[in-house]
Q: 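Dropping the structure in here first, questions after.
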2 protein chains.
Amino acid sequence: MSSTNASITNPRLVLLELLLRQARPLTIDQVLKLTRGRLAQSTLYRVINDLRDFGLVSAFMNLDKTMVIELDDPVASHHHHIFCRQCGSITDIELNSELELNLETEVKRIESEHHISIDSHSLELFATCRACIND
Amino acid sequence: MSSTNASITNPRLVLLELLLRQARPLTIDQVLKLTRGRLAQSTLYRVINDLRDFGLVSAFMNLDKTMVIELDDPVASHHHHIFCRQCGSITDIELNSELELNLETEVKRIESEHHISIDSHSLELFATCRACIND
DNA sequence: GTAATAAATGAGAATAAGTCTCAATTAGTC
DNA sequence: GACTAATTGAGACTTATTCTCATTTATTAC
């Protein structure tokens with residue numbers, strides 16, 4: 001996975017195609033259900049790690065501490081997530097670009113104030129989503 | 001724990017005193033070590049949940065997906081966390097107040113745009129901390 | 001202070017997400 | 001097609017957190 005050459009294999013294609021088709025963050029359970037037995041669970045976790053190393057997929061935690069993955073599209077802009085506390089749905093959001101810039105400037109200030117090297121940031125919003133409000 | 005009355009018990013006092021004394025986020029392991037057997041592990045988790053329900057403690061995830069807790073001081077201002085990817089240390093930070101205000105305004109905009117009800121937000125910075133840079 | 005009773009504790013069993021192992025399969029190269 | 005390295009799949013394993021339940025403690029009423 002590092003110095004040697006990576007192969008284009010079925011499990012990797014299956015996962016990439018699914019993520020491309022769904023175009024939204026998916027949980028492990030969702031991936032397993034949507035691929036209906038075509039991926040062994042251990043393979044899924046391994047393939048996720050491989051694709052993360054390749055920079056094709058990114059992963060983060062759900063509210064229940066389980067893994068959520070999505071395509072790491074280098075063209076799409078930096079974004080964040082809203083988590084619904086009730087139904088667990090996850091929504092992608094973008095901050096307005098001015099705020100995102102100000103955030104990055106502030107991160108740089110914090111970097112020099114604390115003499116650390118910050119390589120990424122993530123804003124998480126916790127909410128009750130539209131569907132759950134109407135219940 | 002909800003409609004009935006809560007008691008002031010030793011484990012609850014032990015944990016609150018520790019958090020007050022340390023004044024920094026602590027992992028489960030750190031709490032267990034620092035309290036040296038005075039809290040059963042199962043009691044610790046239960047007491048954490050109780051104190052969260054009481055609004056005295058807040059909890060979040062470490063990089064290794066384990067629980068981190070800290071005092072939820074209603075007087076102290078809203079803050080965020082820096083996680084060191086190498087050593088796992090966690091540092092509290094505050095955004096400059098203008099940015100924090102702008103962030104809250106943007107959150108309100110997102111709220112109305114998506115017709116959802118956002119109840120909290122959290123910014124996480126991932127970094128290499130001062131100590132780890134010098135290694 | 002003591003009795004009654006509701007709440008909380010402690011020890012260990014149970015759960016489950018994610019990781020690891022290793023023999024079998026597959027992709028890429030010659 | 002044969003060779004070699006990479007990958008897969010099945011299931012065992014790990015471990016943070018939750019659960020259970022008998023025992024203990026805190027609180028309230030007297």
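Residue numbering restarts at 1 for every chain, and letters A, B, ... go by the order of the sequence lines.
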Q: Please report the C-alpha distance between B/I28 and B/I48 in whole Å, then the side-chain angles of each, then the deciding distance to 0.1 Å, and finally whether the side-chain contact (heavy atoms from CB on, under 4.5 Å) criterion is met.
A: CA-CA 10 Å; B/I28 298 294; B/I48 288 171; 3.6 Å; yes
Q: Specify the separation, in whole Å, of atom CG of B/L13 and atom C1' of C/dT9.
A: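 Taking CG of B/L13 and C1' of C/dT9, I get 14 Å after rounding.
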Q: Is the shortest distance from a Lys or Arg side-chain nitrogen in A/R109 or A/E113 to a carboxylate oxygen in the other one below 4.0 Å?
A: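 Salt bridge: yes.
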Q: What distance do B/L125 atom CG and A/H121 atom NE2 have between them, rounded to the nearest 0.5 Å?
A: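 Reported to 0.5 Å precision, the distance equals 8.0 Å.
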Q: Check the surroundings of atom CD in A/E98: do more than 12 heavy atoms from other residues, nucleotides or ligands lie under 6.0 Å from it?
A: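 For A/E98, atom CD is not crowded (no more than 12 foreign heavy atoms under 6.0 Å).
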Q: Return the value, rounded to whole Å, for the distance between atom CG of A/N5 and atom P of D/dT7.
A: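 Rounded to the whole Å, the gap is 9 Å.
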Q: Just checking, any donor-acceptor pair under 3.5 angstrom between side chains of A/H79 and A/E70?
A: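 A/H79 vs A/E70: donor-acceptor pair found between side chains.
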Q: Measure the distance from CZ on A/R46 to C1' on D/dG9 and round it to the nearest whole Å.
A: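 In whole Å, D/dG9 C1' lies 8 Å from A/R46 CZ.
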Q: Distance from B/F54 atom CZ to B/D72 atom CG, nearest 0.5 Å?
A: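 Between atom CZ of B/F54 and atom CG of B/D72 there are 13.5 Å.
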Q: Just compare D/dG9, C/dG28, C/dT9 and give me whichever is closest to any side-chain atom of B/T9.
A: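 Of D/dG9, C/dG28, C/dT9, C/dT9 is nearest to the side chain of B/T9.
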Q: What's the CD1-P distance between A/I48 and D/dG9, to the nearest Å?
A: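 Nearest whole value for this atom pair: 14 Å.
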Q: Quickly work out the B/L44 CG to C/dT9 P distance and round it to whole Å.
A: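 Value for this atom pair: 11 Å.
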Q: Please report the distance, rounded to the nearest Å, between CZ in B/F54 and C1' in C/dA7.
A: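 My rounded result for the distance is 10 Å.
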Q: Do the side chains of A/T91 and B/I116 get nearer than 4.5 Å, heavy atoms only?
A: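 B/I116 vs A/T91: side chains apart.
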Q: For nucleotides 12-19 of chain C, tabulate all protein N/O to nucleotide N/O atom pairs closer than 3.5 Å, reporting atom names and distance.
A:
from   : atom 1 : to    : atom 2 : distance (Å)
C/dG18 : OP1    : A/M67 : N      : 2.9
C/dG18 : OP2    : A/Y45 : OH     : 2.6

Q: Using atom CZ of B/R12 as one end and atom P of D/dT25 as the other, report the distance to the nearest whole Å.
A: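 It works out to 15 Å between those atoms.
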Q: Using atom CG of A/L39 as one end and atom P of D/dT7 as the other, report the distance to the nearest whole Å.
A: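 Going from CG in A/L39 over to P in D/dT7 covers 15 Å.
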Q: Got a donor-acceptor pair under 3.5 Å from the side chain of A/R38 to the base of D/dG9?
A: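 Counting by modelled atom types and ignoring angles, no donor-acceptor contact under 3.5 Å is found here.
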Q: B/S7 or B/T43: which one's nearest nucleotide on DNA chain D is closer to the 5' end?
A: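 Result: B/T43.
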